[in-house]
Amino acid sequence: MQIDIADLDSLLAAIVESSDDAIISKDLDGVITSWNKGAENIFGYTAAEAIGRPIAMIAVPERGDEMPRILESIRQGKRVDHYETVRRAKDGRRVNISLTVSPVRDGVGRIVGASKIARDITEKKMTEEALRKQADRLVRANADLQQFAYITSHDLQEPLRTISACTGMFLAKSGDKLDQDERQLMEYVSEAAQRLSTMINDLLTYARTLDEDLLFAPVNVGEVVEWALNNLHLSIQSIDAVISYDPQSLPTIRGNKVALVQLFQNLVSNALKYRGAATPVVHIVATRRETDWLFAVKDNGIGIAPAYQKLIFTLFQRLHASHEYPGTGIGLALCRSIVQAHGGDIWVESAEGAGATFFFNLPAGEGV
Ligand code: ADP
């Protein structure tokens, strides 16, 4: 098919005119020679107002040397690619733009001007800025939480130790003079102090996992599970629990080994703690998906009603009293923070009385 040059010219002109980007040309002295609709929309000047005037009319004072530098590059035949900068619109508004400028040559190859394409990236910049502020806020909140945890663990443990020591001494010295109710009350105080001490230590462990600087390396999840089960072997033996997994099916991923051991250990120990009447059976599997691995820790325990399935991942949220099932409500919050630090998510599927399956995904990472 033969394309007529005149047709091609009008086709190009139509493309330039309909572009949302500003497409502008200027001569080597920086005088504007063409100005499309996109330029009108972004900078507020009509073509009639802009053509023949210096491009410096859209410059911002604080970037005074930028346009001469760009023109100098153009004179030397160099392009400027996706350069992010700021320009001023007719109404004085600052516009963030991404700029690409190329030399324009005449019929014999001499550089006679420049054509530039400017994309309005104000919205992108605002989103980036909002994300940066949000990230800063999170980093600050994490740092505050860590600081809080360190301070509480030091400052609160000390009076707690005094309470424990004094109640212990009091019971040893005067315990036989107390009646049964009085003794019971002192024991409550002692137990409460012990529980508080455990909570403070758990909070400290939780705050440590919020640390941005968890070191990542290739980790074999089979070894992670083995290590976690070793740590739990006394509880597993004492209740004759059956734990199954196929080591060959567990992948190697990029992660922090100690944190991942803690993750599996918390999930399996919960599966044992919240067991039903039947022999506890826990099964661990991993399934490869498109970009990640999906892990599941399935038990046949007491299960969790749907209404609580989100709540249990929140710090200190428990569904049972301590005398029923001991704990501080930090385990799953810790699991969530570990999984999130690895770029994944964690959730549970369960019905009351029908066991629970905890799922989490971790990025597969190419070549680990
Ligand atoms: P803790 O065990 O110290 O209470 P967790 O954060 O580990 O703290 O768990 C929060 C709550 O979630 C538990 O109190 C329990 O009610 C529920 N839960 C956790 N794991 C299971 C499970 N495998 N089966 C049934 N309930 C569970």
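These figures come from a predicted structure and were not determined experimentally. One-based numbering, in listed order, for ligands and for the atoms of each.
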Decide if the gap between the ring center of His342 and the ring center of Phe360 is smaller than 6.0 angstrom.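 When the ring centroids of His342 and Phe360 are compared, they turn out to be at least 6.0 Å apart.
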Atom indices of ligand 1, in the order listed, that fall short of 4.0 Å to a heavy atom of [X]:
X	value
Thr328	3 (O)
Gly329	1 (P), 3 (O), 4 (O), 6 (O), 8 (O)
Lys273	1 (P), 2 (O), 3 (O)
Phe358	20 (N), 21 (C), 22 (C), 23 (N)

Mind checking whether [X] contacts ligand 1 via backbone (N, CA, C, O), side chain (CB onward), both or neither, at a 4.0 Å heavy-atom cut-off?
X	answer
Ile304	side chain
Phe313	neither
Asn266	neither

Taking the side chain as every heavy atom from C-beta outward, state whether Asp299 and Leu267 have any atom pair closer than 4.5 Å. no
Minimum non-hydrogen distance to [atom], winning option of [options]:
atom	options	value
atom 12 (O) of ligand 1	Ile312, Asp299, Val268, Asn270	Ile312
atom 5 (P) of ligand 1	Leu272, Leu315, Ile302, Leu332	Leu332
atom 4 (O) of ligand 1	Arg318, Glu352, Gln309	Arg318

Parallel, tilted or perpendicular: ring planes of Trp347 versus Phe359, cut at 30 and 60 degrees: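 Parallel.
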Option passing side-chain contact (heavy atoms from CB on, under 4.5 Å) with Lys26 (candidates Ile51, Val31, Leu71): Leu71
Of Thr357, Ile304, Leu332, which is the lone residue that meets side-chain contact (heavy atoms from CB on, under 4.5 Å) with Val348? Ile304
Under 6.0 Å from the CD atom of Gln340, do we count more than 12 heavy atoms belonging to anything else shown?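 Enclosed.
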For Tyr308, does the OH atom have more than 12 heavy-atom neighbours from other residues, nucleotides or ligands under 6.0 Å away?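 Result for OH/Tyr308: open.
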The test is side-chain contact (heavy atoms from CB on, under 4.5 Å); show your working for Ile243 and Leu272 and say whether it passes. CA-CA 10 Å; Ile243 318 269; Leu272 305 181; 4.1 Å; yes
Mind checking whether Gly327 has an N or O less than 3.5 Å away from an N or O of ligand 1? no
